[in-house]
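Written below as structure tokens is the structure these notes are about.
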Amino acid sequence: MPFTLATWNINSVRLREEIVLRLMREQAPDVLCLQECKSPVDKIPLEGFQALGYTHMVARGQKGYNGVAILSKIPMEDVSGYDYAELGHARHVAGKLANGVTIHNFYVPAGGDKPDRTINEKFGQKLDYLRDMQAGFLAEKPERAILVGDLNIAPREDDVWDHKKLLKVVSHTPIEVEALAAVQAAGDWVDVTRADIPEGKLYSWWSYRSPDWDTADKGRRLDHVWATPDIAGLASGSRVVRDVRGWEKPSDHAPVFATFDV
DNA sequence: ATGGTTGCCCAGCAA
């Protein structure tokens with residue numbers, strides 16, 4: 001049975017409950033992975049989600065910051081949660097679906113403004129987090145797994161609006177791109193979005209600070225869908241639903257979708 | 001080089 005999955009940095013699930021419901025109604029992914037819920041787990045507004053068929057959830061939360069959740073129409077078991085870099089942040093949750101596929105949902109640290117760990121502790125935390133992800137996947141090779149989330153790195157030149165201008169901007173620096181490539185190699189992860197859409201500019205995030213985000217189109221592809229080689233070939237239909245960035249009271253991220261015929 | 005916006009919750013940090 002094929003299922004469709006979406007990943008979306010929601011930037012407060014409580015403030016944006018209405019547009020989560022709208023996405024569920026209009027796009028109806030079977031599995032919806034959220035990041036930056038900014039809510040304790042017991043304060044996530046579940047009633048409306050359940051009424052639309054999303055009766056299963058695994059989540060990690062904290063007050064005010066971070067927070068990840070997987071909402072699913074498919075039964076799902078809570079399988080683990082990593083605290084990479086030992087930050088004490090709610091940045092990872094995983095669920096094993098009844099079809100045997102494990103979903104890892106990550107919110108990688110953004111890394112602050114300056115791409116230099118000697119003067120910016122947050123950048124060091126981001127690199128440490130990526131290093132620990134790499135070690136984790138080397139220690140335990142994932143199988144029949146999908147990794148999604150806001151990885152806060154746009155790896156390719158065509159994942160950003162201007163490669164040269166962003167080489168020293170956190171999210172597109174060579175050291176981050178290399179660290180992300182090491183994570184990907186450690187788990188043999190296939191970049192499903194770029195396997196489906198190999199050519200051309202593709203973004204999933206546009207800053208709130210750009211007044212005319214759609215026309216200016218100074219975006220970055222920070223949100224990713226990866227899969228292990230045993231199921232990556234079953235993926236299709238990848239897309240960024242860009243319109244969502246223009247909905248009322250939007251998140252600064254648009255959701256990324258893929259379908260897996262497992 | 002700076003400031004541009006938003007969310008948390010009411011100051012200032014994080015993104």
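Side-chain atoms are counted along with the backbone in the values below, which use heavy atoms only and exclude waters and symmetry mates. Worth saying up front: this structure is predicted, and the values here are computed from it rather than measured.
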Nearest of B/dA15, B/dT6, B/dA14 to any side-chain atom of A/Y65? B/dA14

Any side-chain N or O of A/R16 under 4.0 Å from OP1/OP2 of B/dG7? yes

Indicate, with yes or no, if A/F106 and A/L130 share a hydrophobic cluster defined by side-chain heavy-atom contacts under 4.5 Å among Ile, Leu, Val, Met, Phe, Trp and Tyr. yes

Just N and O in the side chain of A/K63: are any of them under 4.0 Å from OP1 or OP2 of B/dC8? no

Grab the CD1-C1' distance between A/I19 and B/dG7 for me, whole Å please. 13 Å

For A/E36 and B/dA14, give me the distance from atom CD to atom P, rounded to whole Å. 13 Å

Could you tell me the separation between the CG atom of A/L87 and the P atom of B/dA14, rounded to a whole number of Å? 12 Å

Take a 6.0 Å sphere around NZ of A/K141 and say whether it holds more than 12 heavy atoms from other residues, nucleotides or ligands. yes

Whole angstroms only, please: what is the CG-C1' distance between A/D252 and B/dT5? 9 Å

Tell me whether the OP1 or OP2 atom of B/dG7 has a side-chain N or O from A/K249 closer than 4.0 Å. yes

Filter on ring-ring contact (aromatic ring centres under 6.0 Å, His included), then keep only pairs touching residues 18-47 of chain A, sequence neighbours left out; what's left? none

Give a yes/no on whether any side-chain N or O of A/S12 is located under 4.0 angstrom from OP1 or OP2 of B/dC8. yes

For A/D113, I'd like to know if atom CG has over 12 heavy atoms of other residues, nucleotides or ligands within 6.0 Å. no

When the C1' atoms of B/dT6 and B/dA11 are considered, how many whole Å apart are they? 15 Å

Rounding to an integer number of angstrom, what distance separates B/dG3 and B/dC8 when you compare their P atoms? 25 Å

List in numerical order all residues of residues 207-224 of chain A for which some heavy atom is under 4.0 Å away from an atom belonging to DNA chain B. A/Y208, A/R209

